[in-house]
Amino acid sequence: RKEFVDLYVNYVFNESVRKPFEDFMQGFLRGCPTRNWKIFLPVELQIVLQGHTEFDWHLLEKNVMYSEYKRFDRTIRNFWAVFHKLPEEKKKMFLAFLTGSAQIPACGLEYFTFVIAYLQAENPDEMYPSANTCSHILFLPK
């Protein structure tokens, strides 16, 4: 029985995925040669590919810049009060709305910045926040 279980586990986890994995590896290495990846430790490579998985949302607030707003404007204070009350998944959804990705870049939150800019509108109550994902700008109506 032990031999059967060992052979079955080996088949499921190794043999059955060998060909698809080799195909993936060949394609991956064609676009990203191994000499470029050998400089990273496995943990560092995971961060480069996936981004950071732990978030310090107060650091995100600290690094934001404002355009035509000031840090203590009522709209900004209300925005951050609501933001910090959101569940973790909603905060990640906001990050995806702002940047196009729910992950923090490999450089980390201490170097990640975005801008909250005033969205001028004739009737701000009819406007929704919008974002420029390339420049990391959140356009926020009053």
Query raised in the report: Hydrophobic clusters join Ile, Leu, Val, Met, Phe, Trp and Tyr when side-chain heavy atoms are under 4.5 Å apart, directly or via other members; which others share one with L41?
Result: none

List for me each residue that meets side-chain hydrogen bond (donor to acceptor under 3.5 Å, both in side chains) alongside [X], sequence neighbours excluded, and say none if there are none.
X	answer
H58	none
K19	D23
N10	N14
Q26	none

Residue pair [X] / [Y]: nearest heavy atoms and the distance that separates them:
X	Y	value
I76	L140	CD1-CD2, 4.3 Å
M65	T113	CE-OG1, 3.9 Å
V64	E61	CG1-O, 3.2 Å
K91	L86	CE-O, 3.2 Å

Listed pairs under 3.5 Å, donor-acceptor, residues 122-131 side chains, sequence neighbours left out:
| residue | atom | partner | partner atom | Å |
| --- | --- | --- | --- | --- |
| N123 | OD1 | D125 | N | 3.3 |
| N123 | ND2 | E126 | OE2 | 3.1 |

Query raised in the report: Is L60 close to F112 at the side-chain level, that is, under 4.5 Å between some pair of heavy atoms?
Result: yes

**Report entry** Side-chain heavy-atom pair T133, T99 within 4.5 angstrom cut-off
**Finding:** no

Answer yes if [X] and [Y] sit in the same cluster of Ile, Leu, Val, Met, Phe, Trp and Tyr residues linked by side chain heavy atoms under 4.5 Å apart, and no otherwise.
X	Y	answer
F97	M93	no
M25	F40	yes
I39	L29	yes
V17	L7	no
W57	L98	yes

Report task. Check ring-ring contact (aromatic ring centres under 6.0 Å, His included) between F139 and all other residues, then give those that pass, not counting sequence neighbours. Result -> none

Report summary line: Contacts of Y69 meeting ring-ring contact (aromatic ring centres under 6.0 Å, His included) (sequence neighbours excluded), chain-then-number -> Y118

Query raised in the report: Listed by chain and number, what are the salt bridge (Lys or Arg N to Asp or Glu O under 4.0 Å) partners of K70, not counting sequence neighbours?
Result: none

Query raised in the report: Among all residues two or more places apart in sequence or in another chain, which pass the salt bridge (Lys or Arg N to Asp or Glu O under 4.0 Å) test with R18?
Result: E15

Query - Residues which pass side chain to side chain contact (heavy atoms under 4.5 Å, CB included) with S16, listed by chain and number, not counting sequence neighbours - result: Y11

Report task. Answer yes or no: is there a donor N or O on one side and an acceptor on the other, between the side chain of S135 and the main chain of I137, under 3.5 Å? Result -> no

Report task. Could you list all the side chain to side chain donor-acceptor pair (under 3.5 Å) pairs where at least one residue sits in residues 72-81, not counting sequence neighbours? Result -> Y66-W80

Requested in this report: With side-chain contact (heavy atoms from CB on, under 4.5 Å) as the test, would you mind laying out the steps for L59 and K62 before giving the verdict?
Outcome: CA-CA 5 Å; L59 187 57; K62 180 182 169 196; 4.2 Å; yes

